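Heads up, the thing below is written out as structure tokens.
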Amino acid sequence: FQSVTFSSSDGQTVQGWLGVPAGPGPFPTILDMHGGPHMMRHHYFDPAAQAWSDHGFAFLSINYRGSTSFGRPFQEKIWGNIGHWELEDMVAARNWLVEQGIADPKAILLHGASYGGYLTLWGLGRRPDLWAGGLAVVPGSDWLVSYEDASEALKGAFRAWFGGTPEQKRDQYIASSPTTYVEQVQAQV
């Protein structure tokens, strides 16, 4: 796996870790999003990523907007509009993979756990034309329900991300929930 960078829709540089199987591409591809959102992927051994590569898949794990270690503006860009900039970065990653001849545009699958699972469902509902499927592990799908069930510490994070409570920012909590767009999903989940 090697570090790669690409430009997002607004020109922001986004970093990721790419593994490409042996042989000529384009390949079926896994686009992986980490949990968090305020975490990051770094260079480490990931048995699941290696297994995908061993079975002929390219694998790109991206440090989308909201990730740590790329500066405070990069991390906080998502605040107040959860899902928007992350999806912009996911689409930019997809476009870069296709332009580079790495990914088969009809065989790109989203993958992630926790917040990465949320982004998987979010991408499938918001840009259903781009993905062949998604593997969402323990995803959040409804921010209103998630807030009700969250610990006090996590509720504080939600308030920071959304700029208020569900009572104050109800429309944004709903607009940022994958369940709002479930009817638009076309790919296998």
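Being a predicted model, the structure only gives us computed values, none of them experimental.
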When rounded to the nearest 0.5 angstrom, what is the spacing between CD in Glu88 and CG in Asn81?
10.0 Å
Are side-chain heavy atoms of Gln100 and Phe6 found at a separation under 4.5 Å?
no
Can you tell me how far apart CD (Glu99) and CZ (Arg94) are? Round to the nearest 0.5 Å.
10.0 Å
Test of understanding: clusters of I, L, V, M, F, W, Y form through side-chain heavy atoms closer than 4.5 Å, transitively. Do Val98 and Leu110 belong to the same one?
yes
For residues 45-53, dump all side-chain donor-acceptor pairs below 3.5 Å to protein atoms at least two apart in sequence or in another chain.
residue, atom, partner, partner atom, Å
Asp46, OD1, Ala48, N, 3.0
Asp46, OD1, Ala49, N, 3.4
Gln50, NE2, Asp54, OD1, 2.9
Ser53, OG, Ala49, O, 3.4

Angle between ring planes, Trp17 versus His43, binned at 30° and 60°: parallel, tilted or perpendicular?
tilted
For a 4.5 angstrom cut-off between non-hydrogen side-chain atoms, does Asp149 reach Leu154?
no
To the nearest 0.5 Å, how far apart are CZ in Phe70 and CD in Gln75?
11.0 Å
Can you name the side chain to side chain contact (heavy atoms under 4.5 Å, CB included) partners of Val91, sequence neighbours left out?
Leu87, Asn95, Arg127, Leu130, Trp131
Taking all atoms of both residues into account, what is the closest heavy-atom pair of Ala92 and Ser7, and its distance?
CB-O, 3.4 Å
Do Gln15 and Ser3 have a side chain donor and acceptor closer than 3.5 Å?
yes
Aromatic ring proximity His55/Phe57, centre distance under 6.0 Å:
no
Are any of the side-chain heavy atoms of Asp10 and Trp85 separated by less than 4.5 Å?
yes
Backbone N/O of Pro178 and side chain of Thr180: donor-acceptor pair under 3.5 Å
no
Hydrophobic cluster membership, Trp161 vs Phe74, 4.5 Å side-chain cutoff:
no
Run the numbers on Tyr118 and Glu86 for side chain to side chain donor-acceptor pair (under 3.5 Å), then give the verdict.
CA-CA 11 Å; Tyr118 157 72; Glu86 302 95 307; 5.6 Å; no
Kindly work out whether a path of hydrophobic side-chain contacts (I/L/V/M/F/W/Y, heavy atoms less than 4.5 Å apart) joins Leu31 to Val185.
yes
I want to check something: taking the side chain as every heavy atom from C-beta on, are Leu97 and Leu60 in contact at a cut-off of under 4.5 Å?
yes
Quick one: are Arg65 and Ser8 in side-chain contact, heavy atoms under 4.5 Å?
yes
Which heavy atom of Gln184 sits nearest a heavy atom of Pro128, and at what distance?
O-CB, 3.2 Å
Is Ile62 close to Met33 at the side-chain level, that is, under 4.5 Å between some pair of heavy atoms?
yes
Any idea which heavy atoms bring Trp96 and Thr5 closest together, and the distance?
NE1-O, 3.9 Å
Starting at CG of Asp142, measure out to OG1 of Thr179 and round the result to the nearest 0.5 Å.
4.0 Å
Between Arg41 and Ser61, do the side chains contain an N or O donor and an N or O acceptor separated by less than 3.5 Å?
yes
Checking the side chain of Trp122 only, and the main-chain atoms of Gly83 only, is there a donor and an acceptor separated by less than 3.5 Å?
yes
State whether the side chain of Ser176 and the backbone N or O of Ile82 hold a donor-acceptor pair below 3.5 Å, judged by distance alone.
yes
With a 4.5 Å heavy-atom cut-off, do Leu119 and Leu121 have their side chains touching?
no
Quick one: OG on Ser9 to CG on Asp89, what's the gap to the nearest 0.5 Å?
7.0 Å
Path from Ile30 to Val4 over hydrophobic side-chain contacts below 4.5 Å:
no
Tyr64 side chain near Pro37 side chain, heavy-atom distance below 4.5 Å:
yes
Could you tell me whether His38 and Tyr115 have their ring centroids closer than 6.0 angstrom?
no
So, for Gly134 and Leu109, which heavy atoms are closest and what is the spacing to 0.1 Å?
N-CD2, 4.5 Å
Please work out whether the ring planes of Phe158 and Trp143 are parallel, tilted or perpendicular, with thresholds of 30° and 60°.
perpendicular
Search all heavy atoms of Leu124 against all heavy atoms of Ala187 and return the closest pair with its distance.
CD2-CB, 4.0 Å
What is the distance from atom CE of Met40 to atom OG1 of Thr68, rounded to the nearest 0.5 Å?
6.0 Å
Considering non-hydrogen atoms only, spot the tightest contact between Asp104 and Pro28 and give its length.
CB-N, 4.4 Å
Check whether Ile174 and Phe162 end up in the same hydrophobic cluster, where Ile, Leu, Val, Met, Phe, Trp and Tyr are linked by side-chain heavy atoms less than 4.5 Å apart.
yes
